[in-house]
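Since the structure is predicted, the reported quantities are computational estimates derived from the model, not experimental observations.
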Amino acid sequence: MNNRAVLYARVSTEEQTKGYSLPTQLEACRRYALDKGYQVEREFTDAHTGTELDRPGLNELYQFVETTKVRYLIIYDIDRLSRAVSNQAIIEMEMAKSGISIEYVLGGYTDTPEGELMKIIKSGIAQYENRQRTERSRRGKLGKAKAGYVVCPAGRAPFGYDYVYEDHKGMFVVNEPQARVVRMIYSWLVDDGYSSYAIAKKLWEEGILSKGDYSDVVYKKFGRGEWSPSTVRRIISNTVYKGDWYYNKTRRRKINGKNVTSHVPEDEWIHVRVPTIIDEELWVQAQVCLARNRQRSKRNTKRQYLLRGMVFCPCGRRWTAIYKTHLKRAYYRCPSNEAEHWRKRCENNFSIRQEILEQAVWETVTDLLLHQDALKEEIARQREEASKETERKLKRVQAIDGVIAEIDRKLGVLLDELLTGSFSKAVINQRKSELMAQREDLVGESQRLQTEIKAGTITVEEEVELLEFAEEIRARLEAPTIEQKRRILELIDLRIEVLSREKIKLSGAITDVLFVNLSSAGNWQEK
């Protein structure tokens, strides 16, 4: 008898993973499995919202049960599976198609009409509470900002400030040691004429700690005491230091099943006065200096580099181009070993000659984009990848169709109960309203998936059109200018990652991953 089981636990955010919720959920699931005599094969966890189906841990669970015979999925409570009734029904249907029964530690839902009713009621309550909590939180934050208080997620105050929260009211308080650093940054820019690179270098030389060195909730990409020019520019351009902090600058909405962040019009921003670190006159002068430095930087670019801003080092930094006068040739290399030599040196201490890297990348892209055989191969590869994704989405559509059919059956049962008078009309109407809302969500999800399936498939007509277009472009680009080349690379959103001395990886709109070997390109590397 198959008594294999897998466990699944979920919290909503990464911050919650630091608490006790995940361990306690899993411990309760383990005890439940032990009492039932189940053999636990794997445990899966997520730090993701319960209103979405696409979660890393849940996707990993799906992949595991495709290759391993499992009979039971054990979850602590129904809202850990999903906070949306329709999503919960989809997951249960998909698991049922794989022969997997979902059991909850809390609830004890029996396979009876009463058990089914209790499950639906609790799922609906969880969904309702989630929406209510989200709306209350949004209104509360807006109200606090309008009342002149700071709303700071996870206490992430800008460098120079501490976030103080008392009596449900938040505010920024000047952190004087950090504030002195902010004033130095502005002084070095305005009074001494330093660039953001020079300021970052000076901060590093003087061993001054950044925000990421003080706080665990601020992401620190590089080593202790290391400053990046971009961090310096953000401090210089932030209005908070002259006492103006704004809330409601962005808004998150769900579009086609995905959370999208969009900018809010400036007239809808909520202005909050906070303690000043510098006066407004100095801040305005700093913006003038920052703009002037940008212009000078552009004018100082005496040579054209096709791949400027597109090449990335294994250490994570964006490669820059340098010209060696004594050799009369240019190279791409990691800036930490040249322009940003004050920072921790990168282990990839080599460079690639400009003409060799640019030629290799351009020839690879044009071969892929414009040559018929290569383009056909790429289309075939993308079709194969799309086919796998389509198969996964079709399974989900089938599961949705099954849930919709079950809802239609329940609506029919409700009609029978109304005719026989088994339940009051008010109860029947309430249940009908819940089922219809659930059905509407499911139909919308099915339509979205079907639209994605159609959009992700290259038709024969589209292939012919694409090949004809590539031939036309190839004829026009027999001798393209560097501006034309760069425009094409920008349009395909090209990203070049240096993997080693001998290999680079290309990715972007034209391909997911494409490796290019440079070892045959001659003496391209330089110590």
Side-chain angles (χ1 to χ4, degrees), residues 194-201 203-204 210-212 218-223 225-237 290 293-324 329-362 364-365 482-483 485-516 518 524-527:
Y194 284 12
S195 67
S196 55
Y197 278 88
I199 293 172
K201 178 176 182 293
L203 291 167
W204 175 82
S210 67
K211 188 70 175 180
V218 176
Y219 176 65
K220 179 72 173 176
K221 188 173 184 180
F222 301 116
E226 291 192 27
W227 288 74
S228 70
S230 61
T231 300
V232 172
R233 287 192 291 270
R234 281 197 299 270
I235 289 176
I236 294 169
S237 60
L290 201 60
N293 287 348
R294 290 195 194 100
Q295 290 299 318
R296 287 177 177 173
S297 176
K298 291 177 181 177
R299 288 199 298 272
N300 286 337
T301 306
K302 298 176 181 178
R303 294 173 177 81
Q304 292 180 308
Y305 297 99
L306 175 64
L307 307 177
R308 176 171 45 84
M310 300 179 183
V311 186
F312 292 84
C313 187
C315 75
R317 293 188 178 99
R318 195 188 303 264
W319 273 26
T320 57
I322 60 168
Y323 184 81
K324 295 190 175 181
R329 57 181 180 239
Y331 293 83
Y332 289 95
R333 69 175 303 156
C334 182
S336 64
N337 296 323
E338 285 290 338
E340 300 175 19
H341 55 81
W342 70 90
R343 303 171 76 179
K344 182 179 178 181
R345 292 185 66 83
C346 175
E347 296 180 358
N348 304 284
N349 190 23
F350 59 87
S351 56
I352 303 178
R353 282 177 56 178
Q354 175 193 6
E355 63 271 20
I356 293 177
L357 180 60
E358 291 182 355
Q359 181 180 348
V361 170
W362 179 249
T364 301
V365 170
I482 190 170
E483 290 82 5
K485 288 182 177 180
R486 184 163 179 84
R487 179 59 179 153
I488 289 175
L489 298 184
E490 289 173 345
L491 286 172
I492 62 175
D493 195 23
L494 184 68
R495 179 185 173 94
I496 304 150
E497 296 177 50
V498 179
L499 302 179
S500 68
R501 295 175 179 271
E502 299 179 348
K503 186 179 289 187
I504 62 174
K505 181 176 79 171
L506 306 185
S507 59
I510 56 169
T511 181
D512 294 330
V513 175
L514 182 65
F515 296 98
V516 180
L518 299 175
W524 60 274
Q525 59 190 36
E526 186 93 11
K527 282 283 186 184

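Between the OG atom of Ser351 and the CD1 atom of Ile322 there is a distance of 6.5 Å, given to the nearest 0.5 Å. We find the NZ-OG distance between Lys201 and Ser196 to be 14.0 Å, quoted to the nearest 0.5 Å.
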Yes or no on side chain to side chain contact (heavy atoms under 4.5 Å, CB included) for Asn349 and Arg333, after CA distance, side-chain angles and deciding distance?
CA-CA 8 Å; Asn349 190 23; Arg333 69 175 303 156; 2.8 Å; yes
List the steps and the verdict of side chain to side chain contact (heavy atoms under 4.5 Å, CB included) for Val311 and Val361.
CA-CA 11 Å; Val311 186; Val361 170; over 6 Å; no
Take Trp319 and Ile352, measure what side chain to side chain contact (heavy atoms under 4.5 Å, CB included) needs, and give me the verdict at the end.
CA-CA 10 Å; Trp319 273 26; Ile352 303 178; 3.8 Å; yes
Checking side-chain hydrogen bond (donor to acceptor under 3.5 Å, both in side chains) for the pair Ser230/Arg233: CA distance, chi angles, key distance, verdict?
CA-CA 5 Å; Ser230 61; Arg233 287 192 291 270; 5.1 Å; no
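With salt bridges taken as basic N to acidic carboxylate O contacts below 4.0 Å, none links Glu483 and Lys485.
When side chains are defined from C-beta on, Pro314 counts as touching Val498, because their heavy atoms get closer than 4.5 Å. Counting only heavy atoms from C-beta outward, the side chains of Arg317 and Phe312 never approach each other to under 4.5 Å. No side-chain heavy atom of Ile496 sits less than 4.5 Å from a side-chain heavy atom of Lys505. Side-chain contact check for Trp227 versus Ile235: some heavy-atom pair is nearer than 4.5 Å. Residues Leu357 and Ile504 are in side-chain contact: their nearest non-hydrogen atoms beyond the backbone lie under 4.5 Å apart. Tyr305 places a side-chain heavy atom less than 4.5 Å from the side chain of Gln354.
Of all heavy-atom pairs spanning Thr231 and Ser228, the tightest one is OG1-OG, 2.9 Å. Considering all non-hydrogen atoms of both residues, Ala330 and Glu355 come closest at O-OE1, 4.4 Å. Met310 and Leu489 make their closest contact through CE-CB, 3.8 Å (heavy atoms, listed as atom of the first residue, atom of the second, distance). Taking all atoms of both residues into account, the shortest heavy-atom contact from Ala200 to Pro229 is CB-N, 4.0 Å.
Both tests do not hold together for Arg329 against Tyr323: distance to the six-membered ring centre under 6.0 Å, angle to the ring axis within 45°.
Partners of Arg318 according to the salt bridge (Lys or Arg N to Asp or Glu O under 4.0 Å) rule, which considers only residues two or more places apart in sequence or in another chain, do not exist here. Under the salt bridge (Lys or Arg N to Asp or Glu O under 4.0 Å) criterion, Glu358 pairs with no residue, sequence neighbours left out.
Within the 3.5 Å criterion, the main-chain N or O of Tyr332 finds no donor-acceptor partner in the side chain of Arg353.
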